[in-house]
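Below is one structure; the comments refer to it alone.
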Amino acid sequence: MKKFVFGNWKMNMLRRDIEEWKDKFFTELEKGLNEKVSVCIFVPFTHLIIAKEIFKNTDVEIGAQNMFFEEKGAFTGEISPLHLVDIGVKNVIIGHSERRKIFKEDDEMLSKKLKKAIELSFKPVFCIGETLDERESGKTEEVLERQLREGLKLLNSEEIKKIIIAYEPVWAIGTGRVATPEQAVSAHRFIIEFLNKNYDVNIPILYGGSIKPENFDSLVKNPEISGGLVGGASLKGDSFAKLVKIALNYIS
Ligand code: 13P
């Protein structure tokens, strides 16, 4: 099975940092990338072209962290999916918990973004995950089911097959509190069964939340976990390369 090691740089990394990242990444990775581990980094909009240039002729893909669902018009400050297409960016994160929480993106808006992304042949990574309150009150599966059902409601099974899901429990993001392998596997199994039962699809499910080289092995070794969407540990090329090397042990 293929594995995915995706990095979400969030609102970090300047041009000089990207050059240094690349050097450290390829030094640590020694033998280069294997086609069975897919690597993509999601960079700020202004640096998409810069990153594409820096990583040209490598197997590192570049993606955007968000996009709007309209193609053009009076939407000051937004980025059209056509702007991304125009510069050759086809990977995009949709519904990151920071977009949901800080920028008030709701299920309705995210369903439109996913629809547009699929219509324009993007490879979207759709993020879902429960808050600490929701987990502690026993609502994890209810929340995941709602986010999936609502987010995917404008898509048919063939379209859903083109999506990658990232399970990112909000309480694990940027907190250093990683989900235990049991917690992550249980949530992934729930998502896998839900997608299978309702849409008859089997798509990659990544885990995200405080992944580091020290804890990644125990997560990515599980067949239910197709890889990671990594925040903090993706900001250093060498630590990110270590994650790729770990994933390489579990491809089949
Ligand atoms: P951290 O790895 O920093 O917890 O962030 C996870 C994340 O939000 C990836 O999208």
Side-chain angles (χ1 to χ4, degrees), residues 3-13 17 21 24-25 37-45 47-48 51 60-67 89 91-105 110 113-114 117 122-132 134-135 140 143-144 147-148 151 163-181 183-184 187-188 191 203-220 222 225-247:
K3 295 283 186 187
F4 300 78
V5 182
F6 285 0
N8 175 7
W9 281 354
K10 307 192 180 184
M11 202 174 71
N12 296 292
M13 305 289 281
D17 304 322
W21 191 103
K24 292 201 165 148
F25 179 77
V37 177
S38 173
V39 171
C40 183
I41 41 180
F42 294 85
V43 315
F45 288 126
H47 282 47
L48 285 167
V60 175
E61 289 189 44
I62 303 299
Q65 299 170 9
N66 182 29
M67 59 170 231
V89 168
N91 299 285
V92 66
I93 296 176
I94 304 282
H96 191 277
S97 72
E98 286 145 22
R99 300 297 318 170
R100 292 178 187 260
K101 180 159 183 266
I102 307 168
F103 302 100
K104 310 285 180 252
E105 297 194 5
L110 298 176
K113 291 191 176 195
L114 278 176
F122 278 85
K123 292 189 272 176
V125 180
F126 178 46
C127 300
I128 58 173
E130 80 288 359
T131 62
L132 189 57
E134 288 163 342
R135 172 161 285 266
T140 298
V143 170
L144 297 180
Q147 291 175 335
L148 286 169
I163 293 178
I164 292 175
I165 304 279
Y167 168 60
E168 300 206 299
V170 179
W171 47 272
I173 296 179
T175 58
R177 183 177 165 188
V178 64
T180 63
Q183 286 171 322
H188 280 231
I191 297 165
I203 54 180
I205 324 276
L206 317 187
Y207 166 80
S210 296
I211 290 175
K212 293 187 199 65
E214 300 77 49
N215 60 32
F216 193 47
D217 188 89
S218 64
L219 292 160
V220 77
N222 299 287
I225 300 180
S226 304
L229 180 56
V230 187
S234 75
L235 297 179
K236 295 268 179 278
D238 46 352
S239 73
F240 195 67
K242 286 188 182 128
L243 299 174
V244 175
K245 288 207 276 195
I246 294 167

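If you read the sequence from its start, that first residue is 1, and numbering goes on from there. For ligands, and for the atoms within them, numbers begin at 1 and follow the listed sequence. Fair warning: this is a prediction, and the values are worked out from it, not measured in the lab.
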Ligand-residue contact atoms, ligand 1 with Lys10, heavy atoms, under 4.0 Å:
5 (O), 6 (C), 7 (C), 8 (O)
By number and element, which atoms of ligand 1 are closer than 4.0 Å to a non-hydrogen atom of His96?
7 (C), 8 (O), 9 (C), 10 (O)
Please list, in number order, the atoms of ligand 1 under 4.0 Å from a heavy atom of Ala172.
4 (O)
Looking at Ser210, which atoms of ligand 1 are within less than 4.0 Å of one of its heavy atoms?
1 (P), 2 (O), 4 (O)
Gly208 heavy atom under 4.0 Å from ligand 1
no
Could you tell me which non-hydrogen atom of Phe25 sits nearest to which non-hydrogen atom of Val244, and how far apart they are?
CE1-CG2, 4.0 Å
Mutual orientation of the aromatic rings belonging to His188 and Tyr167 [parallel < 30°, tilted 30-60°, perpendicular > 60°]:
perpendicular
Return the residue, atom name and 0.1 Å-rounded distance of the protein heavy atom closest to atom 7 (C) of ligand 1.
Glu168 OE2, 3.2 Å
Quick check: closest heavy atoms across Phe126 and Ile163, and the distance to 0.1 Å?
CB-CG2, 4.0 Å
Indicate, as side chain, backbone, both or neither, the part of Asn8 found under 4.0 angstrom from ligand 1 when only non-hydrogen atoms are considered.
side chain
Heavy atoms only: which of Gly228, Gly174, Ala233 lies closest to atom 4 (O) of ligand 1?
Gly174
Heavy atom of the protein closest to atom 6 (C) of ligand 1 (residue, atom name, distance)
Gly231 N, 3.7 Å
Ring geometry between Trp9 and Trp21 (parallel below 30°, tilted from 30 to 60°, perpendicular above 60°):
perpendicular
side-chain contact (heavy atoms from CB on, under 4.5 Å), paired with Arg100, selected from Thr131, Leu110, Val170
Leu110
closest protein heavy atom to atom 3 (O) of ligand 1 is Gly232 N, 2.8 Å
Is Lys10 atom NZ crowded by more than 12 heavy atoms from other residues, nucleotides or ligands, each under 6.0 Å away?
yes
Phe6 and Phe4 aromatic ring geometry - parallel, tilted or perpendicular at 30°/60° bounds
perpendicular
